2 protein chains.
Amino acid sequence: MITPEDKFRSYLKSRGLKFTPQRSFILKEAFFFQGHFNVDQLYEKLRKRISRATIYRTLSLLVKGGLIEETFRCQDKGSYEYIFGRKHHDHLLCIKCGKIIEFREDKIEKLQEEVCKRYGFTPIEHRLGIKGYCEECSKSLKKG
Amino acid sequence: MITPEDKFRSYLKSRGLKFTPQRSFILKEAFFFQGHFNVDQLYEKLRKRISRATIYRTLSLLVKGGLIEETFRCQDKGSYEYIFGRKHHDHLLCIKCGKIIEFREDKIEKLQEEVCKRYGFTPIEHRLGIKGYCEECSKSLKKG
DNA sequence: ATTGTAGTTGAGATTAAATTGCAATTAGGA
DNA sequence: TCCTAATTGCAATTTAATCTCAACTACAAT
């Protein structure tokens with residue numbers, strides 16, 4: 001059973017890079033969020049031990065290593081998501097309360113492949129985000 | 001037949017804002033690109049007449065007025081697209097040559113609506129971008 | 001266990017995008 | 001034509017993100 005740390009370590013090793021305590025802490029904290037997070041949230045929890053520069057540098061490595069992914073931008077800040085061991089999914093974003101709903105729709109994935117084929121396009125990654133109002137916020141809009 | 005200027009003027013009027021020469025020029029230039037553009041490209045063509053600040057301020061108004069749309073970010077710069085009088089579409093982005101291919105796939109749109117219904121979600125807008133290699137770049141990768 | 005070295009870190013400087021404050025200017029209704 | 005609130009350009013500012021560099025350290029070779 002391969003752990004996130006195993007994966008990160010082997011990515012680093014393959015590039016002649018080192019597994020440092022800072023990188024270990026950042027990996028653990030990123031995992032702790034179990035989903036979406038941004039640099040500020042991470043920095044807030046690690047500021048006593050780790051500088052912003054190192055956080056930025058490490059996030060970039062975690063992306064290259066396939067452990068996290070940059071998702072949509074939120075208020076002009078880069079936003080990340082832990083992807084190790086998780087299936088690909090897309091997002092609904094509530095523009096009122098900020099809630100993020102993950103969904104997976106295989107038919108959409110299939111259709112995307114078809115589109116790519118149609119254009120001779122070789123897809124590497126894709127991102128689908130739908131902005132709107134979540135169920136609760138839709139209701140409160142109708143009422144109020 | 002309603003023109004882009006009509007639409008922008010009526011948006012401005014509805015908010016008690018003014019239709020200035022600067023706004024007129026920016027609207028025309030944005031339209032001239034017939035598709036995707038960023039602030040730099042616009043500024044390059046208008047620098048003699050219009051300041052960067054005004055371009056940023058006007059783009060924001062054009063977005064609110066429904067004439068342009070912020071699309072994906074490209075190299076950390078906001079990128080816009082003229083949408084007035086055009087149908088919604090999604091994008092394929094070549095990460096090698098930078099080419100942008102627009103496509104429209106109604107089945108994907110339909111499926112998105114279904115997903116939203118499933119979650120009681122009221123969609124306002126969505127964005128689907130697929131990154132990869134365009135036909136030419138795919139070929140040159142195989143060769144080289 | 002020791003050593004050597006290439007990679008890493010933190011602090012602060014730097015870059016670049018985008019926003020803001022303000023005095024001078026102007027659109028457009030009265 | 002006049003009046004006023006909106007707009008503009010400029011420069012200063014803000015903010016995210018990157019970079020520089022001296023001090024430090026992981027880790028492989030010895």
Side-chain angles (χ1 to χ4, degrees), chain A residues 5-6 8-30 36-65 67-81, chain B residues 5-6 8-30 36-65 67-81:
Chain A
E5 191 177 311
D6 291 339
F8 194 29
R9 287 189 108 109
S10 82
Y11 166 76
L12 291 171
K13 199 161 199 176
S14 75
R15 300 297 187 102
L17 306 176
K18 294 169 183 174
F19 187 76
T20 63
Q22 287 89 341
R23 289 177 182 172
S24 170
F25 280 127
I26 292 170
L27 174 62
K28 286 206 184 79
E29 279 303 330
H36 304 83
F37 63 92
N38 61 38
V39 174
D40 282 346
Q41 294 175 301
L42 212 49
Y43 182 62
E44 203 45 52
K45 301 194 101 187
L46 294 168
R47 65 190 322 161
K48 283 158 204 153
R49 315 170 149 177
I50 303 177
S51 73
R52 262 205 143 80
T54 297
I55 290 179
Y56 278 110
R57 288 187 281 229
T58 303
L59 287 177
S60 159
L61 291 173
L62 287 169
V63 169
K64 287 178 202 150
L67 287 132
I68 66 174
E69 201 171 75
E70 198 176 345
T71 55
F72 37 78
R73 297 206 132 227
C74 215
Q75 295 146 3
D76 267 331
K77 289 178 191 173
S79 170
Y80 295 88
E81 179 174 19
Chain B
E5 190 176 312
D6 291 339
F8 194 30
R9 287 190 110 109
S10 82
Y11 166 76
L12 291 171
K13 199 162 199 175
S14 74
R15 299 299 187 100
L17 306 177
K18 294 170 181 174
F19 187 77
T20 63
Q22 287 89 338
R23 289 177 183 172
S24 170
F25 280 127
I26 292 170
L27 174 61
K28 286 207 184 78
E29 279 303 330
H36 303 83
F37 62 93
N38 61 39
V39 174
D40 282 346
Q41 293 175 303
L42 213 49
Y43 182 62
E44 203 46 52
K45 301 194 101 185
L46 294 168
R47 66 190 320 161
K48 285 159 202 154
R49 313 171 148 176
I50 304 177
S51 73
R52 262 204 144 80
T54 297
I55 289 178
Y56 278 110
R57 288 187 280 230
T58 303
L59 287 177
S60 159
L61 292 172
L62 287 169
V63 168
K64 287 179 202 150
L67 288 132
I68 66 175
E69 201 171 75
E70 198 176 344
T71 54
F72 39 79
R73 298 205 131 228
C74 215
Q75 293 146 2
D76 266 332
K77 290 179 193 173
S79 170
Y80 296 88
E81 180 175 17

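All chains are named by letter (A, B, ...) in the order of the sequence lines, taking the proteins before the strands, and each is independently numbered beginning at 1. Small disclaimer: the values here were computed from a predicted structure and weren't measured.
Taking 3.5 Å as the limit, the base of C:dG12 and the side chain of A:R52 contain no donor-acceptor pair of atoms between them.
For C:dT19, the OP1/OP2 oxygens have no side-chain nitrogen or oxygen of B:R57 closer than 4.0 Å. Remark: A:T54 is in phosphate contact with C:dG10, judged by side-chain N or O atoms under 4.0 Å from OP1 or OP2. The shortest distance between the side-chain N/O atoms of A:T20 and the OP1/OP2 oxygens of C:dG7 is not below 4.0 Å.
Rounded to whole angstrom, the span from the NZ atom of A:K13 across to the C1' atom of C:dA6 amounts to 16 Å. At whole-Å resolution of the value, NZ in A:K64 and C1' in C:dG7 are 14 Å apart. As a whole-Å value, the separation of B:F19 CZ from C:dG29 P is 13 Å. Atom CG in A:L62 sits roughly 13 Å away from atom P in C:dT8 (whole-Å rounding). The OH atom of A:Y43 sits 10 Å away from the C1' atom of C:dA11 (whole-angstrom rounding). The distance from atom CG of A:L17 to atom C1' of C:dA6 is 10 Å, rounded to the nearest whole Å. Rounded to whole Å, the distance from CD on A:Q22 to C1' on C:dA11 is 14 Å. Note: CD1 (A:I55) to P (C:dT8) measures 16 Å, nearest angstrom.
Contacts of A:E29 classified as salt bridge (Lys or Arg N to Asp or Glu O under 4.0 Å), with partners at least two apart in sequence or in another chain: A:K45.
Under the 6.0 Å distance and 45° angle rule, A:R49 counts as a cation-pi partner of A:F25.
Checking B:K77 against B:A53, the closest nucleotide of DNA chain C that is more toward the 5' end is the one next to B:K77.
A distance-only check finds no donor-acceptor pair linking the side chain of A:R9 to the backbone of A:F19 [under 3.5 Å]. Side-chain N or O atoms of B:T71 include one that pairs as donor or acceptor with a backbone N or O of B:S79 at under 3.5 Å.
Taking each heavy atom of A:L17 and A:R23 in turn, the nearest pair found is CB-NH1, 4.1 Å.
With C:dT19, C:dG12, C:dG7 as the choices, the nucleotide that has an atom nearest any side-chain atom of A:K18 turns out to be C:dG7.
When DNA chain D is scanned 5' to 3' for any atom under 4.0 Å from a heavy atom of chain B, the first and last hits are D:dA5 to D:dC10.
B:T54 contributes atom OG1, which lies 10.5 Å from atom CG of B:L46 (distance to the nearest 0.5 angstrom).
Residue A:R15 is classed as having no contact, given no heavy-atom separation below 4.0 Å to the nucleic acid.
In this structure, A:R52 pairs ionically with A:D40, as a charged nitrogen and a carboxylate oxygen lie closer than 4.0 Å.
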